[in-house]
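The structure presented is a predicted model; accordingly, all values stated were derived computationally and were not measured.
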Amino acid sequence: MSTINLTIDGRAIEARQGMTVLEAALAAGIYIPNLCADPDLRPFGACRLCIVEVEGIRGLPASCTVPAGDGMVVRTDSPLLETTRRTLVSLLLADHADDCLACAKNNRCSLQTAAAYVGVRERRFPKATRVLPVDDSNPFFTYDMNKCILCGKCVRVCDEVQGVGAISFVNRGYDTKIGTLMDRPIISSLCESCGQCEAKCPVGAITAKNYQQPSRKVKTVCSYCGVGCGLLLHVRGSKVIAAEGDRESPVNRGSLCVKGRFGYEYVNHRDRLTRPLIRRDGVLQEASWDEALELVATKLAEHRGKFAALASAKCTNEDNYVLQKFTRGVMATNNVDHCARI
Ligand code: FES
């Protein structure tokens, strides 16, 4: 891995070749406000908040689009940068709903972070008059374009990462918004409800329904299919209230499908079996584990050689290995199959 050396705010920084100035600064612990940059997406340069001064370059380039170069001298803070960023944030706020306390992204909102950092404390420009309808058609998340800052992260992740392209920028100029083909409700579009747009949205424009703050997050592996995506389950008390893709997992690097992200309610569902049931006189009745295992062992013994096992991609490799071993070694048959063999 080749490295380059540059100076940011008077500090000598070593950065990986190919990093942008923003990535080099953030990796060195230097915060530059940013709203549209994302490590999983191509540079976009929409919000302009990440502007910096670079010796030898005219104007205020967006650091998320400028490759870090050997010997570069960068300033991330100056009176001109501060004034310009304050104006940029004020313009965004002029076209943004101001019900922060009622917003699901309150305290998790990058616009709040940026406004606090650049020192915007009140509305400077008159509030825009455009009011857009809220799209509540998806069962898992809500689109409220009154809170959109047009950073394009939702559009880009849907296109660049998911390869779906269900949403895009529609209209032009002041009327620009994020929408679907023919401006149909999101549920009638190509959308697969993976929720990647919701996960990437830095503000309250796309929010999960019924969002609650977790009290802790638990690292685990998704139980739906054999891919093995890394999950961070959001837990409150002993209840799972949301699922998030684990960026540290080499399998999915933070991405999830609709089942992994939103299909967690079975964990706490009231119909879920937690005790074994034995059918007695035609009625299922609760039993102890010893009783249930004894009954299963007795019945299996009666069927040695006349048996077939169907394994599951939801099980671990080890569980599947044990099942085929049991089928061949104990049940004396090779009738074993797996739903993933195709
Ligand atoms: Fe660089 Fe938005 S983060 S322009």
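Note: S312 OG to L323 CG = 10.0 Å, rounded to the nearest 0.5 Å. Here SG of C109 is found 9.5 Å from CG of N107. Values are rounded to the nearest 0.5 Å. With rounding to the nearest 0.5 angstrom, the SG atom of C148 is 11.0 Å from the CG atom of L111.
Sorted by first and then second residue, the pairs that involve residues 106-127 and meet ring pair (Phe, Tyr, Trp, His ring centres under 6.0 Å), not counting sequence neighbours, are Y31-Y117. Identified under the salt bridge (charged side-chain N to carboxylate O under 4.0 Å, His left out) test for residues 53-82, with sequence neighbours left out: none. The ring pair (Phe, Tyr, Trp, His ring centres under 6.0 Å) analysis of residues 303-327, with sequence neighbours excluded, yields no pairs. Within the structure, ring pair (Phe, Tyr, Trp, His ring centres under 6.0 Å) contacts touching residues 195-223 (residues at least two apart or in different chains) do not occur. A side-chain hydrogen bond (donor to acceptor under 3.5 Å, both in side chains) check over residues 254-265, counting only residues at least two apart or in different chains, returns the pairs Q196-S255, Q196-R261.
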Legend entry - Verdict with supporting geometry, D144 and T207, side-chain hydrogen bond (donor to acceptor under 3.5 Å, both in side chains): CA-CA 8 Å; D144 182 355; T207 50; over 6 Å; no
Take N34 and L26 through the test side chain to side chain contact (heavy atoms under 4.5 Å, CB included) and record every step on the way to the result. CA-CA 10 Å; N34 63 89; L26 294 177; 4.3 Å; yes
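Here the closest non-hydrogen pair linking P139 and I187 is CD-CD1, 3.7 Å. Pairing each heavy atom of R236 with each of Q212, the nearest pair is NH1-CB, 3.8 Å.
Summarising the hydrophobic clusters (Ile, Leu, Val, Met, Phe, Trp, Tyr; side-chain heavy atoms under 4.5 Å, direct or chained), the residues clustered with I186 are F44, L132, F140, F141, Y143, M145, L150, V155, I167, F169, I178, I206, V258, F262.
When the side chains of ILVMFWY residues are joined at heavy-atom separations under 4.5 Å, either directly or via intervening members, V203 and V89 end up in a single hydrophobic cluster.
Between R85 and the options L80, I32, L60, a side-chain contact (heavy atoms from CB on, under 4.5 Å) holds for only I32.
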